[in-house]
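Worksheet: the structure to be examined is printed underneath.
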Amino acid sequence: MWTLKKERQLNEQTLSMRLERVVAHVPAGARLADIGSDHGYLPVALMRRGAIAAAVAGEVALTPFRSAERTVRANGLDPRITVRLANGLAAIEPGDGITAISICGMGGETIRDILDSGKAHLRGQERLILQPNGGEQPLRQWLMENGYRILCEEVLRENRFDYEIIVAERAGPVMYTAEELYFGPLQMQARSPAFLVKWQRMLRHKQQTLTHFARARQAVPEEKVRDVARQARWITELLA
Ligand SMILES: C[S@@+](CC[C@H](N)C(=O)[O-])C[C@H]1O[C@@H](n2cnc3c(N)ncnc32)[C@H](O)[C@@H]1O
């Protein structure tokens with residue numbers, strides 16, 4: 001009940017801790033494109049604080065698009081924040097001079113697909129501030145394959161969910177190992193308490209999955225079992 005009440009109070013003035021951590025990675029004075037902006041809280045909060053110079057809020061769905069328009073108008077920011085109904089990076093126009101792109105609150109695969117299908121809209125100088133809900137590995141894989149170096153990573157827990165934030169810039173070729181793509185190259189080194197707790201939880205989950213596989217009436221494909229067993233081994237090694 002308390003959580004629900006607190007959730008409802010979140011708006012462009014009081015962001016969730018998750019979005020506050022995203023805010024911390026947006027460079028001062030940026031021209032931000034927030035893709036999948038929903039209610040538009042992130043760009044509006046940044047502009048209200050004088051932290052960015054301009055923003056585009058992109059939304060593919062009509063209801064959140066209208067919601068973002070309302071938030072922008074209610075804060076008198078319509079000249080400085082442009083709300084566009086568009087799929088992914090198609091919200092960005094050449095004249096916007098975008099220097100940072102945030103894509104938050106979606107699966108890592110969805111964020112990857114948005115980046116991949118919108119490559120033509122990237123100039124290559126934009127800082128990417130990504131907040132995937134799961135699917136971090138395929139997203140990091142895309143970043144590596146497209147010349148993006150991971151500059152900063154963090155894990156945080158809010159409302160019983162683990163969230164990750166990945167900040168990247170295109171900085172020439174970079175090679176990450178399979179384990180680094182899985183855990184995050186910087187997080188593996190920093191080993192923050194939130195990161196370790198997340199992977200302790202994940203290990204329990206993988207072990208439970210392996211137990212279910214072993215007890216399953218119908219044989220689980222060998223490849224699937226091997227994949228989960230490999231993940232459990234990597235996590236055990238990480239936590240050792
Ligand atoms: C869960 S909300 C996250 C909202 C906000 N970014 C946040 O982190 O709080 C995801 C939003 O992304 C939008 N979205 C999903 N795919 C999109 C795409 N390809 N292009 C633009 N918006 C998209 C959805 O319509 C939805 O409003």
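Both counts, for ligands and for their atoms, begin at 1 and track the order of listing. The structure presented is a predicted model; accordingly, all values stated were derived computationally and were not measured.
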Measure from every N or O atom of ligand 1 to the protein's N or O atoms and keep only the pairs below 3.5 Å, writing each with atom names and distance to 0.1 Å.
unit_1	atom_1	unit_2	atom_2	d
ligand 1	6 (N)	Gly36	O	2.8
ligand 1	6 (N)	Cys104	O	3.0
ligand 1	8 (O)	Arg18	NH1	2.7
ligand 1	8 (O)	Arg18	NH2	3.4
ligand 1	8 (O)	Cys104	O	3.3
ligand 1	9 (O)	Arg18	NH2	2.8
ligand 1	19 (N)	Asn87	OD1	2.8
ligand 1	20 (N)	Gly88	N	2.7
ligand 1	22 (N)	Val60	N	3.4
ligand 1	25 (O)	Glu59	OE1	2.9
ligand 1	25 (O)	Glu59	OE2	3.4
ligand 1	27 (O)	Glu59	OE2	2.4

Quick note, salt bridge (charged side-chain N to carboxylate O under 4.0 Å, His left out) partners involving residues 40-61, not counting sequence neighbours, are Glu20-Arg49
Interatomic distance, CD@Glu179 vs CE@Met188, rounded to 0.5 Å, equals 6.0 Å
Quiz question: by atom type and distance under 3.5 Å, do the side chains of Gln131 and Arg18 form a donor-acceptor pair? yes
Next on the checklist: Check this for me: Glu222, atom CD, are more than 12 non-hydrogen atoms of other residues, nucleotides or ligands nearer than 6.0 Å?
Outcome noted: yes
- Query: How about Glu145 and Gln141: does a side-chain donor come under 3.5 Å of a side-chain acceptor?
  - Reply: yes
Q. Is the NZ or CZ atom of Arg201 positioned over Trp199's six-membered ring, under 6.0 angstrom from the centre and within 45° of the axis?
A. no
